Amino acid sequence: MHWADVVAVNLSRRAGKHIISTGITPSGEFHIGHLREILTGEMISRAAIDAGLDVEFIFIVDDADPLRRVYPFLDEEYDKFIGHQIGNIPAPDANGKPDYERFSSDGFSYADYFLNPFLDALRAIGVNPRIVKNLAAYRSGKFTDCIKTACDNADKIREIIERVSGRELPTNWFPYSPIDTNGCLFGVTVTGYEYPLVHYTDANGRKCSSDITHGHGKLPWRIDWPAKWAWIGVTCEAFGKDHGASGGSYDTGKEICQLFGYDAPQPLVYEWISLKGKGAMSSSTGNTIGPMEALDLVPPEILRFLIAGSKPNKAIEFDAGMSLVNLADEYERSCARNLADELNDESISRRRKVQLEDLMGAVRLSSIEHNSITDSSNVSFRHLALLAQTKTNDEQVWQSLALDETNPPSDILIDRLKKMRTWISSPHFPAEMRVRVINQPPLELISELSNDDKSVLTNLTKMLETCDWDADSIAACIVDSAKSIDKSPRIAYSVAYMCLMGSKKGPKLAPIIAELGKQEVIEQFSRCLDSII
RNA sequence: GGGCCUGUAGCUUAGUCAGGUAGAGCGACGGACUCUUAAUCCGUCGGUCGCGGGUUCGAACCCCGUCAGGCCCGCCA
């Protein structure tokens, strides 16, 4: 059974409505690591819906969190906003300076600046969660009951965190952080509590009070999280391994949640996505591929397939090079198979059956539209990469695929080709996929040629001299050059690839030769022949 | 220091909860096809399951130890 279906089965033991939750702090550029958070939750939602449950999928935006430091992409001016809630400070402009004008005119915040493009990417990928903004929830009083419970039970919460996480909290620790009169969360020390007021001193030592029912503050993360479970009614949440480690915030949250009179949601811990050969993804070091950048290169269903096809506890190494080709082609191959039929075959082993079920689940959860037919383009990535490189305009590509007005290319295929062209012109496109023609004899390869190979090459060169310069005629020449000495056309293709591209294999050759021009090809073949002798 | 996760074929991995002949996909190799030759089809090769002990009739799986990588024990999410 697919991992998302396993979670759905577990959820079905709990009656009533299910709320599957995800959450991210928009403190900087989003990257595809964040996509795993969202997609893991979304796929559980789909599986739960398929299992007949009443399900809502939500995305909590943690815009009540403070700006922690001036990130490299920010101007020094942001220094004064450190400790301020990111949903309550201006977004950076093109130069990284705070855009006060926009913030005061339409309230466009730092959090919105990073969140909005991510939401666009989510739509493109078929994810449409209900958005819950944390800051607004605090301000509208959604957290009030939980804040009161937390303040009333400060000692119990302290005990839970100290026992479960094994760390000692400072003596002045308090389970609620008010913002000071400037809106800063840092440097504030709570000195007393008399409902509904908390008394505190700010960074400058001034004594102030804050009414906890007004939402001018924030619960620390380890309390904020279970409080959200309680007021929203979250029944399942997928979260990263950082939260999932024992003694981590899920463990403490599970117990704190009980104080709010609520049972913790079903957890699912997922691993990080890293960039192949570059380690973990990090916004601050620039070691990221943003979801938007990824979507320019990778068809959304393939991105879904990446997540759906790996068990959540497996680390994913993403790279936009050869792995992407393999991933995309695996998706296409899987779509082309009739997995249901294969599964019905009584003779397959139990093991095989499990594998087929998992694959079928992964394909099912990869379609952009829930339970639509698969988003297959029916053309392999490899083949499309080749066509996109050898055909300058799209019409020629469609022609080559035998598509015309009566049988037009699908929207998916049109989108794929567009992305393929972007990918080809990007630095991510792998060198081994690039069609490149050489003009020097590849001496090392040629030295291995047999006598048959040499005769075929001689024949081919001669035949091409009198050949009509179109793909069909050239293809015939290639075949005949081998046939004329009773050899497989394979030999002819192989020597031609070696001489023209320096490899033993390659993309469909005749159209490429046709585009190269007769003189160029014959000269290169001749140079190769000369260097053999 | 304490805890958690991961380690299985060249690569990606299933199988570990419930011990019972190590299974796939890709790649590689071989073959077929007068041939969309980076396609398709058929076939073959490939594994001391990180390492060492233990329990057991039997261990990838359970137990102990050990090595490697990652993570948590922050007002971080």
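Fair warning: this is a prediction, and the values are worked out from it, not measured in the lab.
As a whole-Å value, the separation of A:Ile223 CD1 from B:A77 P is 13 Å. Atoms CG (A:Leu35) and C1' (B:A77) sit 17 Å apart, rounded to a whole Å. Summarising the geometry, the separation between CG on A:Leu327 and C1' on B:U13 is reported as 13 Å, rounded to the nearest angstrom. With rounding to whole Å, A:Tyr493 atom OH is found 12 Å from B:A39 atom C1'. Distance, A:Leu387 CG to B:A39 P: 13 Å, rounded to whole Å. As rounded to whole Å, 18 Å separates atom P of B:U16 from atom CH2 of A:Trp3. Rounded to whole Å, the distance from NE2 on A:His2 to P on B:A14 is 12 Å. Separating the CG atom of A:Asp242 from the P atom of B:C72 is a distance of 6 Å, rounded to the nearest angstrom.
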Measure all distances between protein nitrogen or oxygen atoms and nitrogen or oxygen atoms of nucleotides 31-34 of chain B, and list the pairs falling under 3.5 Å.
none

Taking only nitrogen or oxygen atoms into account, show me every contact under 3.5 Å that the protein makes with nucleotides 3-6 of chain B, one pair per line with its distance.
residue : atom : partner  : partner atom : Å
B:G3    : O2'  : A:Ser246 : OG           : 2.3
B:U6    : OP1  : A:Asn313 : ND2          : 3.4
B:U6    : O3'  : A:Lys314 : NZ           : 3.4

Tabulated below should be each protein N or O lying under 3.5 Å from an N or O of nucleotides 41-46 of chain B; please produce it.
none

Worksheet, complete the sentence: Intra- and inter-strand pairing of RNA chain B, written as dot-bracket with Watson-Crick and G-U pairs under 3.5 Å and | for the latter, reads (((((((..((((......[..)))).(((((.......))))).....(((((..]....))))))))))))....

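Atom name P, nucleotides B:G7 and B:C17: the rounded distance is 14 Å, in whole Å. Nucleotides B:C41 and B:G27 are separated by 11 Å at their P atoms, to the nearest Å. B:U16 and B:A22 have their C1' atoms separated by 13 Å, with the value rounded to a whole Å. Between the P atoms of B:C49 and B:C62, the separation comes to 15 Å (whole Å). Across B:C51 and B:U56, the matching P atoms stand 23 Å from one another, rounded to whole Å. Comparing the same atom, C1', in B:C72 and in B:U40 gives a spacing of 50 Å after rounding to whole Å. Across B:G50 and B:A60, the matching C1' atoms stand 12 Å from one another, rounded to whole Å. Of the P atoms belonging to B:C33 and B:U8, the separation is 40 Å, rounded to the nearest Å.
The closest donor-acceptor contact from the side chain of A:His34 to the backbone of A:His31 lies under 3.5 Å. Remark: the backbone N or O of A:Leu169 is paired with a side-chain donor or acceptor of A:Glu162 at under 3.5 angstrom. With hydrogens and angles ignored, the 3.5 Å screen pairs no side-chain donor or acceptor of A:Arg69 with any backbone N or O of A:Asp79. In this structure, A:Glu37 contributes its side chain and A:Ile24 its backbone to no donor-acceptor pair below 3.5 Å. Side-chain N or O atoms of A:Asp468 include none that pairs as donor or acceptor with a backbone N or O of A:Asp470 at under 3.5 Å. Using modelled atom types, no side-chain atom of A:Tyr331 and backbone atom of A:Asn326 make a donor-acceptor pair closer than 3.5 Å. For A:Ser494 (side chain) and A:Arg490 (main-chain N/O), no donor-acceptor pair under 3.5 Å exists by modelled atom type. A:Asp62 places no side-chain N or O within donor-acceptor distance of the main-chain N or O of A:Asp65, the cut-off being under 3.5 Å.
In this structure, A:Glu271 CD and A:Asn313 CG are separated by 7.5 Å, a value rounded to the nearest 0.5 Å.
By the 4.0 Å N-to-carboxylate-O rule, A:Asp224 lies close enough to A:Lys228 to be salt-bridged with it. Contact check on A:Glu357 versus A:Arg364 returns no salt bridge, with no Lys/Arg side-chain nitrogen under 4.0 Å from an Asp/Glu carboxylate oxygen.
Under the rule for a side-chain contact (heavy atoms from CB on, under 4.5 Å), the partners of A:Leu268 that lie at least two apart in sequence or sit in another chain are A:Trp3, A:Val7, A:Thr40, A:Ile44, A:Ala238, A:Pro312. Take A:Ser21 and apply the side-chain contact (heavy atoms from CB on, under 4.5 Å) test, not counting sequence neighbours, and it matches A:Ile58, A:Ile60, A:Val234, A:Glu237. Residues forming a ring-ring contact (aromatic ring centres under 6.0 Å, His included) with A:Phe81 (at least two apart in sequence, or on another chain): A:Tyr78, A:His84. The ring-ring contact (aromatic ring centres under 6.0 Å, His included) check on A:Tyr270 picks up nothing, with sequence neighbours excluded.
Both A:Ser249 and A:Lys311 lie near RNA chain B, and the one whose nearest nucleotide falls closer to the 5' end is A:Lys311. Residue A:Tyr497 is the one, among A:Tyr497 and A:Gly23, whose nearest nucleotide of RNA chain B lies closer to the 5' end (criterion: closest heavy atom).
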Response to the item:
Expected string for nucleotides 22-27 of chain B under the B/S/- scheme (protein heavy atoms, under 4.0 Å, primed atoms plus P, OP1, OP2 as sugar-phosphate) is SBS-S-

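Residue contacts shown for A:Arg163 are absent, as no nucleic acid heavy atom lies under 4.0 Å away. A:Asp358 comes within 4.0 angstrom of no nucleic acid atom, judged by non-hydrogen atoms across all strands. If you check every strand for non-hydrogen atoms under 4.0 Å, A:Thr25 touches sugar and phosphate atoms only.
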Output a table of donor-acceptor pairs, distance under 3.5 Å, between side-chain atoms of residues 175-182 of chain A and any protein atom two or more places apart or on a different chain; print 'none' if there are none.
residue  : atom : partner  : partner atom : Å
A:Tyr176 : OH   : A:Gly217 : N            : 3.4
A:Asp180 : OD1  : A:Asn182 : N            : 2.8
A:Asp180 : OD1  : A:Gly183 : N            : 3.0
A:Asp180 : OD1  : A:Cys184 : N            : 2.9

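Within residues 184-191 of chain A, the residues having any heavy atom closer than 4.0 Å to RNA chain B are, in order of number, A:Phe186.
For residues 242-256 of chain A, the salt bridge (Lys or Arg N to Asp or Glu O under 4.0 Å) pairs, not counting sequence neighbours, are A:Arg163-A:Glu255.
Using modelled atom types, one finds a donor on one side chain and an acceptor on the other under 3.5 Å when comparing A:Thr252 with A:Arg222.
In this structure, A:Phe114 has its ring center no closer than 6.0 Å to that of A:Phe118. Checked against a 6.0 Å centroid threshold, the rings of A:Phe318 and A:Trp272 do not count as neighbours.
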